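As the structure is a prediction and not an experimental result, all values here were calculated from the model. In what follows, chains carry the letters A, B, and so on, assigned in the order in which the sequence lines appear, proteins first and then strands, with residues in each chain numbered from 1.
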2 protein chains.
Amino acid sequence: MKSNKINSSKVTSVEVAELAGVSRWTVSRAFTSGKPISEEARQRVLLAAQQLGYKPNLLARSLSTHKTGVIAVVVDTFQNYNVMKLLDQLTAALQKHGLRALLINVIDEDSVADLVEHADQLQTDGVIFLGATLTGDFVSLASKIKRIPLVISFRDCNLSEPLVLNTDDYTAGRDISELLINGGALSFGYIVGPSGISTRVNRREGYEDHLKENGFTLDLVLSATNYDQFIAYEVFCDYLEKTTKKDRVDAIFCENDTIAFGVIDALRAHNCLGSIAVVGFDDISFAKSPSYNLTTYAPPVTELIELTVQAMLKDDVQSTVMKGKLVVRESHKRK
Amino acid sequence: MKSNKINSSKVTSVEVAELAGVSRWTVSRAFTSGKPISEEARQRVLLAAQQLGYKPNLLARSLSTHKTGVIAVVVDTFQNYNVMKLLDQLTAALQKHGLRALLINVIDEDSVADLVEHADQLQTDGVIFLGATLTGDFVSLASKIKRIPLVISFRDCNLSEPLVLNTDDYTAGRDISELLINGGALSFGYIVGPSGISTRVNRREGYEDHLKENGFTLDLVLSATNYDQFIAYEVFCDYLEKTTKKDRVDAIFCENDTIAFGVIDALRAHNCLGSIAVVGFDDISFAKSPSYNLTTYAPPVTELIELTVQAMLKDDVQSTVMKGKLVVRESHKRK
DNA sequence: CTGAAAGCGCTAACAT
DNA sequence: ATGTTAGCGCTTTCAG
């Protein structure tokens with residue numbers, strides 16, 4: 001006897017069909033929009049379903065239709081305000097299209113392939129990489145999951161094989177150089193995040209190229225070993241302690257906002273806030289904090305997210321870089 | 001002909017069985033640990049599977065086993081550093097147990113019931129609420145999804161019906177009162193977040209009760225209409241502008257860290273940083289920023305997360321509140 | 001340890 | 001518009 005099961009929710013379409021006095025397949029139709037069914041039959045089915053507490057089992061449906069409506073979203077650097085913003089907007093956009101996000105948290109970088117493979121076995125309809133630092137071999141990864149679309153969002157990846165959707169980092173770097181030059185700076189610095197990572201090189205190249213074209217040079221490159229405010233703080237404190245005001249650069253572009261905060265913290269701690277122009281990248285919400293007032297660059301998040309979702313729905317989306325825009329606040333000004 | 005399909009990954013257990021020279025059921029066994037199968041047969045199957053690029057379809061498996069290994073994680077306030085931290089640890093913990101998180105982003109509070117119902121139809125094995133502000137009727141919601149476990153984590157909810165796992169907010173409030181009293185404060189304030197929300201009342205009650213027991217009163221209650229740093233900033237600026245130093249409270253406890261940052265921003269903007277003791281709640285990573293150095297209260301995140309995951313695996317977990325601990329930095333000191 | 005029958009709950013494609 | 005056949009790909013009995 002099936003009533004033996006503890007859980008009472010074992011109502012299937014058969015029972016609904018019996019109660020409604022129709023066939024099982026009519027029940028199926030009643031729950032699928034755009035299928036031919038008389039209004040009367042539909043009402044009968046819906047009523048019967050409600051009485052019995054019937055809800056279609058979407059797993060079984062997926063097994064037949066070969067569509068789950070679930071997209072795997074792979075994230076590596078979770079505790080990062082920018083990632084959070086992206087994840088928020090991405091899940092919202094997916095849901096608006098009736099899709100759901102299966103969140104994959106990459107803790108150990110080596111496990112990416114396994115995690116993605118598992119998602120694939122779960123029959124997800126696509127995979128979206130929202131990685132901040134991931135350096136994995138995407139090409140070989142992509143080949144593992146040919147069955148479904150794979151898109152890499154918000155990271156440099158000079159490949160054409162998997163679909164890549166990203167901010168135009170190169171132009172962004174140029175814009176920032178221009179802002180700083182116009183502000184009267186004569187010497188320039190840059191702080192990179194985790195080094196050896198090729199995901200953000202374009203940003204720096206645009207900055208450096210534009211400086212050179214205008215007769216300047218990149219005089220200082222500092223390296224925070226991670227996208228960590230405190231590491232950046234220490235690195236910049238070190239710089240401040242080893243230099244005198246005369247020797248320091250006039251302006252510094254930070255690979256992202258988090259690093260910029262650390263730089264500003266260091267300047268504040270050394271009582272020389274405002275002596276060096278600081279610019280970040282990402283425009284995370286904290287950037288407008290009155291204690292930082294960070295001038296930064298806002299990636300075209302909404303547009304890229306929309307494109308990312310489109311890539312999951314149709315297969316005619318091409319790899320794209322898109323311009324964002326400068327958000328000019330106070331931190332790039334020198335007093 | 002099935003080879004008509006564009007996607008080549010249509011390998012099923014039948015083909016593997018043929019190539020390995022065993023039956024289809026033996027293939028199934030080879031991919032399920034703990035099933036009786038001879039080592040030789042398993043090797044043959046695994047080899048054949050590899051050659052054909054076969055991977056079990058987990059959807060079909062779930063349909064048979066009535067287990068998907070997917071847990072719905074419902075979040076309402078996404079762009080909140082604390083939520084991010086919880087989500088990071090939660091997904092990591094779930095994955096460690098072989099489970100995956102289906103992330104549900106509640107944009108419109110009214111849609112919670114529908115979203116959860118959909119997750120239920122997707123046959124998720126459980127639902128975890130990580131809501132910060134959600135005020136929905138959890139009892140009626142819980143009744144909709146009796147089939148699977150539901151747990152409310154990290155929010156007050158004086159109910160016993162759905163499983164509730166939370167920080168001991170009441171005791172935390174008392175601890176903070178004690179810290180501030182010991183610091184010599186004589187007058188006390190509190191800033192609430194979104195009002196009308198009952199999710200954090202215990203925090204305030206513990207604070208107020210302890211103050212009263214020690215002969216003090218809660219002299220000021222300010223209200224930020226949201227967990228937003230800038231709203232808190234404005235609210236506190238307003239307070240500072242309407243009062244003189246003499247009239248102000250000595251200490252203020254903020255419902256969470258984000259609000260505390262706004263308060264500190266306001267104090268800094270009015271050049272009176274250090275004149276009022278400030279304490280936050282959550283210990284988000286930004287709290288240790290050199291520009292804030294926030295004294296705050298760290299919830300027992302790891303422990304509660306572990307309990308949450310346990311609740312998904314077994315059904316003998318009881319509703320629990322757990323003590324966290326005070327993280328004493330600088331912001332509670334007055335100069 | 002391995003094979004076979006039956007079925008998980010639904011839907012595509014076709015027939016009526 | 002509705003009913004029918006034949007599966008989706010795997011696992012659970014239970015027999016051998």
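Counting to the nearest Å, the P atom of D:dT11 and the CG atom of A:Leu63 are 12 Å from each other. When rounded to the nearest whole Å, the span between CG of A:Leu52 and P of C:dG9 equals 14 Å. Whole-Å rounding puts the A:Asn57 CG to D:dC10 C1' distance at 14 Å. Atom CZ of A:Arg44 is separated from atom P of D:dT2 by 9 Å (rounded to the nearest Å). Rounded to a whole Å, the NE2 atom of A:His66 is 19 Å from the P atom of C:dG9. Rounded to whole angstrom, the span from the CZ atom of B:Arg42 across to the C1' atom of C:dC1 amounts to 13 Å. Taking atom NZ on A:Lys67 and atom C1' on C:dC10, their separation rounds to 17 Å, with Å as the unit. If you take CG of B:Leu59 and P of C:dT11, they are 13 Å apart, rounded to a whole angstrom.
A:Ser38 places a side-chain N or O within 3.5 Å of a backbone atom of A:Ala41 that can act as its donor or acceptor partner. In this structure, the side chain of B:Thr124 does not engage the main chain of B:Leu122 through any donor-acceptor pair within 3.5 Å.
Comparing atom distances between the A:Ser64 side chain and each of C:dA4, C:dC10, D:dG9 picks out C:dC10 as nearest.
In terms of phosphate contacts, B:Ser38 brings a side-chain nitrogen or oxygen within less than 4.0 Å of OP1 or OP2 of C:dT2. Remark: A:Ser13 is in phosphate contact with C:dC10, judged by side-chain N or O atoms under 4.0 Å from OP1 or OP2. A sub-4.0 Å separation between OP1 or OP2 of D:dT11 and a side-chain N or O of B:Ser28 is present.
Separation of the A:Tyr227 and A:Tyr81 ring centroids does not fall under the 6.0 Å cut-off.
Between B:Gln123 atom CD and B:Leu102 atom CG the span is 12.5 Å, to the nearest 0.5 Å. Remark: B:Ile107 CD1 to A:Thr91 OG1 distance equals 6.5 Å, nearest 0.5 Å.
Along DNA chain D, the nucleotide closest to A:Ser23 and the one closest to B:Ala60 are compared, and the more 5′ of them pairs with A:Ser23. For the pair A:Glu40 and B:Phe31, nearest-nucleotide mapping onto DNA chain D gives the more 5' position to A:Glu40.
At a cut-off of 3.5 angstrom, the base of C:dG3 holds no donor-acceptor pair with the side chain of B:Thr26. On a pure distance criterion of 3.5 Å, no polar donor-acceptor pair joins the side chain of B:Trp25 and the base of D:dT13.
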